Amino acid sequence: MERTLVLLKPDAAQRGLVGHIISRFETKGLKLIALKMRTFPSDHLEQHYEVHKERPFFKNLVGFMSSGPVVAMCLEGKDAIKVVRQMVGATNSREAAPGTIRGDYGMSFSNNLVHASDGPDTAKSEMALWFNDEAEISEWEPANLGWTYNIAEELS
Ligand code: CMP
């Protein structure tokens with residue numbers, strides 16, 4: 001089982017899409033193991049996007065991300081990082097394929113609704129940044145796990 005970090009950006013809250021987007025992850029079969037909503041300070045967002053700090057869009061990105069509430073969550077599942085990235089779609093929402101979250105709900109490059117970890121190392125460091133207290137992570141077993149997966153084939 002793999003874990004990944006997902007952020008619903010302030011445009012998701014402003015446009016009333018938070019419930020829709022969380023629902024897509026849940027109905028896919030991904031397990032929600034942590035969730036919180038808060039307007040986060042700039043220094044936290046600067047840390048999260050540190051890899052982009054030399055890019056021309058960095059200042060606007062941090063300004064946008066700290067302009068309103070962000071919903072942060074951890075999702076767990078088999079190949080969760082890749083599955084979530086495929087569900088989110090291309091960074092530029094106008095180019096994201098129909099059926100992806102950005103492709104279905106977005107029109108913008110910058111206001112692209114969702115951030116999702118892009119690999120195992122990033123997922124680890126991003127989860128540590130956004131959920132640094134172990135008590136924020138819920139370890140639980142969904143009652144339908146044996147129907148979401150074929151346990152003998154996929155979880156052995
Ligand atoms: P995200 O997946 O959160 O990672 C970096 C974010 O920077 C990206 O989504 C976009 O919202 C934002 N961004 C704005 N302009 C650009 C750009 N030219 N290239 C990449 N990302 C950009």
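Just so you know, ligand 1 is whichever comes first in the structure, and atom 1 is the first atom listed for that ligand. Remember, it's a predicted structure, so these values are computed and weren't measured experimentally.
A side-chain donor-acceptor contact under 3.5 Å links Thr122 and Asp118.
Interface atoms of ligand 1 facing Leu61, defined by a heavy-atom separation under 4.0 Å, are 6 (C), 7 (O), 12 (C). Annotation for ligand 1: atoms under 4.0 Å from non-hydrogen atoms of Ser110 are 11 (O), 14 (C). The Tyr49 neighbourhood of ligand 1 comprises atoms 1 (P), 3 (O), 4 (O), 5 (C), with distances under 4.0 Å to a heavy atom of that residue. Within the listing of ligand 1, atoms 8 (C), 9 (O), 10 (C), 11 (O) sit less than 4.0 angstrom from a heavy atom of Asn112. Each of the following atoms of ligand 1 lies closer than 4.0 Å to a heavy atom of Phe109: 10 (C), 11 (O), 16 (C), 17 (C), 18 (N), 19 (N), 20 (C), 21 (N), 22 (C).
Here the protein heavy atom with the shortest distance to atom 1 (P) of ligand 1 is Lys9 NZ, 3.5 Å. Scanning the protein for heavy atoms near atom 2 (O) of ligand 1, the closest one is Arg102 NH2, 3.4 Å. Here the protein heavy atom with the shortest distance to atom 17 (C) of ligand 1 is Phe57 CE2, 3.3 Å.
Contacts with ligand 1 closer than 4.0 Å are made by side-chain heavy atoms of Thr91 only, the backbone lying farther away.
With Leu75 as reference, Val6 is the one residue of Val6, Leu5, Val83 to meet the side-chain contact (heavy atoms from CB on, under 4.5 Å) rule. Screening Leu8, Leu7, Leu30, Thr4 against Met73 for a side-chain contact (heavy atoms from CB on, under 4.5 Å) leaves a single residue, Leu8.
Taking the charged nitrogens against the carboxylate oxygens, Glu2 and Lys78 have no contact shorter than 4.0 Å, which rules out a salt bridge.
Using a 4.5 Å cut-off on side-chain heavy atoms (C-beta onward), Ser110 and Asn60 make no contact. Contact of the Val114 side chain with the Lys9 side chain is not registered, since no non-hydrogen atoms from C-beta on lie closer than 4.5 Å.
With ring centers used as reference points, Tyr49 lies under 6.0 Å from His115.
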